[in-house]
Amino acid sequence: MPELPEVETVMRGLKPVLEGRRIEGVLQRRKDLRFPLPENFSARLEGRRVLGLARRAKYILASIEGGDCLLIHLGMTGRFTVLEQGGGKRGIGEFYYEGEPVPDGEGPHDHVVFAIEGGQRVVYNDPRRFGMMDLFPEADAISHKLLQGIGVEPLGNEFSASTLANAFHGKKAPLKAALLDQRIVAGLGNIYVCEAMFRARLSPRRKAGTLTGRRADPRRLDDLVRHIRDILNEAITAGGSTLQDFAQTDGSPGTFQQRFQVYDREGAPCSTAGCTGHIRRIVQSGRSTFFCPVCQK
DNA sequence: CGGGACTCCTGCCAGC
DNA sequence: TGCTGGCAGGAGTCCC
């Protein structure tokens with residue numbers, strides 16, 4: 001599910017609930033998500049305060065009192081819902097505890113529940129269990145297996161046409177695959193890559209390396225960088241994209257899906273002014289790509 | 001080494 | 001109506 005804008009939305013939703021608050025209890029209903037949860041996960045969190053929340057790529061990092069870092073990835077279907085004290089409808093679907101106290105162990109796929117000082121509950125739900133959580137000393141974050149080698153933040157200052165030029169130089173992989181590679185740009189996923197390539201009028205099939213070098217038009221990478229930034233910022237403002245069931249931490253859906261120009265729009269007429277093309281779906285490295293074969297070159 | 005296929009898991013939906 | 005196959009926002013691992 002969640003790409004950078006959705007993870008950012010979730011992180012921002014959790015901030016006021018978690019920052020500065022103590023974790024009073026952790027209910028862990030499974031030994032593992034995608035990977036085993038760390039040893040003594042609950043015990044190492046209980047009684048500690050959350051000092052701060054941040055996002056890196058598609059990861060949420062929580063700084064825990066005492067020096068640990070809680071690392072979270074939502075995978076495809078991971079979701080956090082905040083339940084207010086005493087229950088009530090704060091989420092969607094199975095989190096409907098109208099008028100009754102939140103019971104301890106209900107909804108299918110509610111794998112981890114954090115009970116927070118003040119009575120709120122932060123519920124992690126993940127049907128497919130492609131998400132993960134890890135807990136390790138904050139000092140080890142730089143060398144953490146999952147964090148090392150991650151590329152530049154596309155909304156940060158270091159992201160530029162020259163960053164992309166360096167990464168793309170000599171690359172034979174299709175542009176689509178290169179943009180999905182988290183070692184190059186951190187946080188892009190299938191939706192926003194398709195949308196950004198459309199705005200930049202770049203073909204997903206073009207070899208990434210053809211955008212660099214003497215014969216390449218440098219404006220094309222400038223455009224791509226600008227469109228990636230724009231689309232991510234617009235999506236964050238819209239609270240992300242909701243396809244089937246993504247929700248913000250208060251249960252409300254994102255709205256950016258209303259502005260998709262290519263994603264999941266196979267057969268639709270291209271929205272570029274004057275273009276007579278229609279959106280096509282192809283499969284690249286096992287994943288759907290949506291694009292206009294007429295105006296994306 | 002780079003690039004692509006396969007894999008994990010559940011739910012949903014189109015098509016028969 | 002009910003089953004089946006395909007597909008889904010990710011990414012680590014394996015193989016060529």
Side-chain angles (χ1 to χ4, degrees), chain A residues 1-11 29-37 55-60 71-80 92-94 107-111 124-134 144-151 166-196 204-210 231-232 235-236 238-248 253-260 262-267 281-290:
Chain A
M1 162 232 311
E3 306 184 27
L4 187 152
E6 291 76 31
V7 177
E8 180 72 22
T9 298
V10 169
M11 190 274 290
R29 295 207 180 87
R30 299 185 56 89
K31 284 199 293 290
D32 52 69
L33 297 171
R34 180 171 186 190
F35 304 117
L37 285 154
R55 179 193 56 75
R56 171 80 171 108
K58 297 172 195 168
Y59 290 95
I60 293 171
L71 181 72
I72 298 162
H73 195 292
L74 304 176
M76 292 273 261
T77 52
R79 220 168 79 189
F80 276 105
I92 56 176
E94 56 270 22
H109 314 306
D110 288 358
H111 306 309
Y124 181 73
N125 178 279
D126 187 358
R128 289 175 76 179
R129 302 203 303 278
F130 288 171
M132 54 104 13
M133 292 189 197
D134 198 7
H144 192 280
K145 200 179 172 197
L146 297 171
L147 294 175
Q148 67 172 8
I150 286 183
N166 285 338
F168 288 177
H169 187 71
K171 253 204 178 299
K172 289 174 185 161
L175 178 61
K176 164 82 181 306
L179 288 173
L180 279 179
D181 186 342
Q182 301 297 298
R183 295 167 302 181
I184 298 179
V185 188
L188 295 179
N190 209 27
I191 292 176
Y192 299 106
V193 163
C194 288
E195 296 295 322
R205 297 196 272 210
R206 164 203 273 268
K207 291 189 194 329
T210 65
I231 204 151
L232 295 176
I236 290 170
S241 300
T242 294
L243 297 193
Q244 296 188 24
D245 58 1
F246 168 75
Q248 306 184 45
T255 61
F256 193 76
Q257 68 281 2
Q258 296 163 12
R259 288 158 60 189
F260 289 171
V262 290
Y263 186 83
D264 203 20
R265 302 200 58 212
E266 185 180 18
R281 172 185 176 273
I282 59 172
V283 175
Q284 292 179 293
S285 34
R287 310 191 66 193
S288 289
T289 299
F290 298 90

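Reminder, nothing fancy here: chain letters follow the sequence lines and each chain counts from 1. Reckoned from all heavy atoms, side chains included, excluding hydrogens, waters and symmetry mates.
Of the residues Lys58(A), Arg34(A), Met133(A), the one that meets the side chain to side chain contact (heavy atoms under 4.5 Å, CB included) test with His73(A) is Lys58(A). The only option from Glu195(A), Gln284(A), Lys176(A), Glu3(A) that meets the side chain to side chain donor-acceptor pair (under 3.5 Å) definition with Asn190(A) turns out to be Lys176(A).
dG10(C) atom C1' lies 14 Å from atom CG of Leu4(A), rounded to whole Å. A straight line from CG of Asp264(A) to P of dG6(C) spans 18 Å, rounded to a whole angstrom. Atom NE2 of His111(A) is separated from atom P of dC9(B) by 12 Å (rounded to the nearest Å). If you take CE of Met76(A) and P of dC7(C), they are 13 Å apart, rounded to a whole angstrom. Straight-line distance from the CZ atom of Phe290(A) to the P atom of dC7(C): 10 Å, rounded to whole Å. For the pair Ile282(A) CD1 and dC7(C) C1', the computed distance is 16 Å after rounding to whole Å. Atom CD1 in Ile184(A) sits roughly 11 Å away from atom C1' in dG2(B) (whole-Å rounding). Counting to the nearest Å, the C1' atom of dC9(B) and the CG atom of Asp32(A) are 11 Å from each other.
OP1 or OP2 of dG11(B) sits under 4.0 Å from a side-chain N or O of His109(A). Considering only side-chain N and O atoms, Ser288(A) lies under 4.0 angstrom from the phosphate OP1 or OP2 of dA8(C). A close approach under 4.0 Å does not occur between any side-chain nitrogen or oxygen of Lys171(A) and OP1 or OP2 of dG2(B). Taking 4.0 angstrom as the limit, Lys172(A) places none of its side-chain polar atoms (N or O) nearer than this to OP1 or OP2 of dG2(B).
Backbone-only engagement by Tyr263(A) is indicated by non-hydrogen atom pairs under 4.0 Å involving sugar-phosphate atoms exclusively. Nucleic acid contact class of Gln182(A) (heavy atoms, under 4.0 Å, all strands): sugar-phosphate only. Note on Arg129(A): only backbone sugar-phosphate atoms sit closer than 4.0 angstrom, heavy atoms only; bases stay farther off. Using a 4.0 Å heavy-atom criterion, one finds that Leu146(A) contacts the sugar-phosphate atoms exclusively. In this structure, Phe256(A) reaches neither bases nor backbone, as no heavy-atom distance under 4.0 Å exists between it and the strands shown.
For the P atom pair drawn from dA11(C) and dC12(B), the interatomic distance equals 23 Å after rounding to whole Å. The separation of dG11(B) from dG12(C), taken at their C1' atoms, amounts to 23 Å, rounded to a whole angstrom.
At distances below 3.5 Å, not a single donor-acceptor pair connects side-chain atoms of Asp126(A) with backbone N or O atoms of Phe80(A). At distances below 3.5 Å, not a single donor-acceptor pair connects side-chain atoms of Gln148(A) with backbone N or O atoms of Leu146(A). Panel note: side chain Arg265(A), backbone Gly267(A); no donor-acceptor pair is recorded below 3.5 Å. The closest donor-acceptor contact from the side chain of Glu6(A) to the backbone of Ser241(A) lies under 3.5 Å. For the pair Gln182(A) (side chain) and Leu188(A) (backbone), a donor-acceptor distance under 3.5 Å is present.
Between Arg281(A) and Lys145(A), the residue anchored nearer the 5' end of DNA chain C, judged by the nucleotide with its closest heavy atom, is Arg281(A). In this structure, Gly170(A) and Arg128(A) both approach DNA chain B, and ranking their closest nucleotides by distance from the 5' end singles out Gly170(A).
Using a 4.5 Å heavy-atom cutoff, the side chains of Asn125(A) and Pro127(A) are in contact.
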Convert the base pairs of DNA chain B into dot-bracket notation, remembering that pairs crossing earlier ones are written with [ ] and that bases paired across to another strand are shown as |; include only Watson-Crick or G-U pairs under 3.5 Å. .|||||||.|||||||
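The base of dA8(C) does not come close enough to the side chain of Arg287(A) for any donor and acceptor atom to sit less than 3.5 Å apart.
Taking the side chain of Ala173(A) as heavy atoms from C-beta on, and the options dA8(C), dC9(B), dG3(B), the nearest nucleotide is dG3(B). For Glu6(A), taking side-chain heavy atoms from C-beta onward, the closest of the listed nucleotides dG10(C), dG9(C), dA5(B) is dG9(C). Of the listed nucleotides (dT10(B), dG4(B), dA11(C)), dT10(B) has the atom at the smallest distance from the side chain of Pro127(A).
Taking the six-membered ring where the residue is Trp, Tyr192(A) and Phe256(A) present tilted rings, their angle falling between 30° and 60°.
Both thresholds, 5.5 Å between centres and 30° between ring planes, are not jointly met by Phe130(A) relative to the base of dA11(C), so the two rings are not stacked.
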